[in-house]
Amino acid sequence: MDIETIYNNLIKEWELDGLPENDQLEILEEIAKTIHTQFLIDINNICGDENFKALEASLNMGNEFYETTLKHIVPNYGEVYDKAKNKVLKSYREKHDLI
């Protein structure tokens with residue numbers, strides 16, 4: 001799937017299509033940062049401080065090594081990401097009365 005399709009799907013999924021394009025992009029960026037933060041908090045809670053520090057250190061060795069380390073420490077990291085995304089999206093929708 002190309003970036004434009006992903007972008008358009010997110011705009012629809014998060015019900016941002018009625019906003020100006022600049023606002024859409026700003027909100028998407030903020031939501032992405034929030035999802036990333038929630039994901040890292042959840043990963044830290046799952047694997048503990050010691051493994052999380054090892055994961056952070058692996059990032060200095062490149063994305064491929066980081067991904068391999070993440071898969072080893074948290075094999076279901078995709079599910080963890082989906083839960084973080086859904087939690088943030090639900091909170092966003094509740095805050096903006098979209099539910």
Any side-chain donor near an acceptor of the partner, Glu67 and Asn63, under 3.5 Å =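 There is no such pair (donor and acceptor under 3.5 Å, judged by atom type) between the side chains of Glu67 and Asn63.
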Whether the side chain of [X] engages the backbone of [Y] through a donor-acceptor N/O pair (distance < 3.5 Å, no angle test) should be reported.
{"X": "Asp23", "Y": "Leu19", "result": "no"}
{"X": "Ser91", "Y": "Val88", "result": "no"}
{"X": "Asn8", "Y": "Glu4", "result": "yes"}

Nearest heavy-atom neighbours spanning [X] and [Y]:
{"X": "Ala84", "Y": "Asp42", "result": "CB-OD2, 3.8 Å"}
{"X": "Ile35", "Y": "Tyr81", "result": "CG2-CE1, 3.5 Å"}
{"X": "Tyr7", "Y": "Leu25", "result": "OH-N, 4.0 Å"}
{"X": "Gln24", "Y": "Leu16", "result": "NE2-O, 3.0 Å"}
{"X": "Tyr77", "Y": "Phe39", "result": "O-CE1, 3.5 Å"}

query = If you measure from CD on Gln38 to CD1 on Ile43, what distance do you get to the nearest 0.5 Å?
reply =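 The CD atom of Gln38 sits 11.0 Å away from the CD1 atom of Ile43.
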inquiry  = Surrounding CD of Glu64 (heavy atoms of other residues, nucleotides or ligands, distance under 6.0 Å), is the total greater than 12?
reply    =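 Counting neighbours around CD of Glu64, 12 or fewer heavy atoms of other residues, nucleotides or ligands fall under 6.0 Å, so no.
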inquiry  = Tell me whether Glu56 at atom CD has more than 12 heavy atoms from other residues, nucleotides or ligands lying less than 6.0 Å away.
reply    =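 Counting neighbours around CD of Glu56, more than 12 heavy atoms of other residues, nucleotides or ligands fall under 6.0 Å, so yes.
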